[in-house]
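The next block holds one structure in the form of structure tokens; read it before the comments.
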Amino acid sequence: MATAEHVPESMEVDDLLLSLLDNMIWPILVLMSLAVWLVVPRTFTNLRSIEFILHGSVGLGFVALAEAVCLVSGNFDLSVGSIAGFSAMLAGLVVSANKWNLISDPLLGVAVILAIGLVVGTTNGVMVGKVGINPFLQTLAFLIILQGAKLTLSTITITGLPDGYTRIGNAPEISVGLLFATFALLGFVMKYTPFGQAVYAVGSDDEAARAVGIDTDRVVIAVYAISGVLSAAGGLMLTGFINVVPPTIGDELVFPAFAAAVIGGVSLYGGRGKVTGALGGVLLLGLIQAALNVSGTPPEQVTLVNGLVLLAAILVYSSRRRLRERILSRQVEPRDYGQ
């Protein structure tokens with residue numbers, strides 16, 4: 001009898017540990033915030049400093065969310081940063097008073113940049129889902145193609161953008177609010193809607209998902225389409241944040257986006273993790289970046305630290321995965337309840 005009572009208690013502890021593993025990013029973020037406050041207190045001089053950290057993380061936040069959705073589906077997208085940059089450059093040329101000047105309505109300009117992301121993302125989805133091209137090869141090709149296309153469009157910074165077009169990313173209350181709202185919406189969709197459950201099912205086992213009637217090709221296409229739109233939204237936010245479109249926009253986003261999603265608990269193997277956890281990863285990376293900037297760290301060392309953060313994310317993920325497997329295997333071990 002004692003053993004029978006002990007088993008449920010042990011399982012409750014295991015369930016608590018699994019929940020902690022799934023949400024590990026939030027205590028890590030709190031501990032890192034305390035460490036930064038102690039080591040580089042100037043990072044948190046006032047509320048304006050915190051606002052700047054949040055505001056500076058918005059562009060990466062949208063791109064990381066795009067990557068997180070792909071990872072949950074069992075795929076990944078190396079082109080998220082290139083989509084953000086190419087969409088920003090092409091839309092910037094369209095709305096710039098100093099360049100093509102084809103559109104003057106800011107809202108129509110926003111629709112244009114999101115449509116560009118939608119087209120590119122859907123193309124990725126069709127090639128991966130319908131044609132069957134490996135997602136690594138497909139998105140790597142688009143990473144290179146879009147970077148080249150962006151530089152072909154312009155090798156100089158695009159200026160003369162409409163105020164209404166840049167205000168979305170330039171105003172912290174708007175951009176940060178949109179980021180949190182988008183994470184909340186996608187978190188709700190992924191957890192409580194049939195589409196979200198289908199994405200998790202495809203990420204866990206696409207053959208099993210197909211066997212129960214899920215149109216896996218359509219799910220993959222939809223996931224990449226969403227990823228494209230979110231990446232373009234990241235490009236819009238980056239444009240607003242700096243008020244121009246430089247030729248290098250979006251070039252260094254893909255690896256921080258991966259790191260943010262992985263640190264946030266999204267599985268590299270698909271089918272597990274909360275997309276909202278990627279927000280914690282983004283905030284953690286933004287906090288580290290702000291602390292490095294405030295402390296006067298040279299740019300080359302910042303790059304080194306970013307690489308170390310990515311390596312740490314991989315190590316954290318590997319450790320968490322092994323611990324999860326150990327806990328789950330312990331739960332399914334046969335037990336003699338009659339003894």
(request) Check N124, V220, L78, V128 against P135 for a side-chain contact (heavy atoms from CB on, under 4.5 Å) and give me the one that passes. (result) V128
(message) Is there a side chain to side chain contact (heavy atoms under 4.5 Å, CB included) between I116 and V112? Walk through the geometry before answering.
(response) CA-CA 6 Å; I116 295 169; V112 167; 4.0 Å; yes
(request) Indicate whether the side chain of S96 and that of N98 have a donor and an acceptor atom separated by less than 3.5 Å. (result) no
(request) Kindly indicate whether the side chain of L287, heavy atoms from C-beta on, has any atom under 4.5 Å from the side chain of F44. (result) yes
(message) Would you say that more than 12 heavy atoms from the other residues, nucleotides or ligands in this model lie under 6.0 Å from the CD of E173, or not?
(response) yes
(request) Please tell me if the side chains of F142 and I83 come closer than 4.5 Å, counting only heavy atoms from C-beta onward. (result) no
(request) May I ask you to check whether over 12 heavy atoms, not counting those of L47, lie within 6.0 Å of atom CG? (result) no
(request) Taking K150 for its side chain and P247 for its backbone only, find out whether a donor-acceptor pair lies under 3.5 Å. (result) yes
(message) Between I158 and M89, is there a side-chain heavy-atom distance shorter than 4.5 Å?
(response) yes
(request) Measure the spacing between NZ of K274 and NZ of K191 and express it to the nearest 0.5 Å. (result) 5.5 Å
(message) Counting C-beta onward and ignoring hydrogens, is there a side-chain heavy-atom pair between T239 and V244 closer than 4.5 Å?
(response) no
(request) Report yes if some heavy atom in the side chain of E67 is under 4.5 Å from a heavy atom in the side chain of S227; otherwise report no. (result) no
(message) I'd like to know if the side chain of S87 and the backbone of A84 have a donor-acceptor N/O pair within less than 3.5 Å.
(response) no
(request) Apply the test side chain to side chain contact (heavy atoms under 4.5 Å, CB included) to residues F195 and I226: give CA-CA distance (whole Å), side-chain angles for both, the deciding distance (0.1 Å), then the verdict. (result) CA-CA 12 Å; F195 171 74; I226 292 171; 3.8 Å; yes
(request) Report yes if some heavy atom in the side chain of L292 is under 4.5 Å from a heavy atom in the side chain of V305; otherwise report no. (result) yes
(message) Nearest 0.5 Å, please: how far is CH2 in W100 from CG in L93?
(response) 5.0 Å
(message) Tell me whether the rings of F241 and F52 are parallel (<30°), tilted (30 to 60°) or perpendicular (>60°).
(response) tilted
(request) State, without any angle test, whether S49 and N46 hold a side-chain donor-acceptor pair at a distance under 3.5 Å. (result) yes
(message) Checking the side chain of T155 only, and the main-chain atoms of L151 only, is there a donor and an acceptor separated by less than 3.5 Å?
(response) no
(message) Does any part of the side chain of V275, heavy atoms only, come nearer than 4.5 Å to the side chain of L65, both counted from C-beta?
(response) yes
(message) Tell me if a side-chain donor or acceptor on R42 pairs with a main-chain N or O of V294 at a distance below 3.5 Å.
(response) yes
(message) Closer than 3.5 angstrom, by distance alone: can the side chain of D206 be matched with the main-chain N or O of V202 as a donor-acceptor pair?
(response) no
(message) Whether R48 and E51 form a salt bridge (side-chain N of Lys/Arg under 4.0 Å from carboxylate O of Asp/Glu) is what I want to check.
(response) yes
(message) Using the salt bridge (charged side-chain N to carboxylate O under 4.0 Å, His left out) criterion, which residues pair with D215? Sequence neighbours excluded.
(response) R218
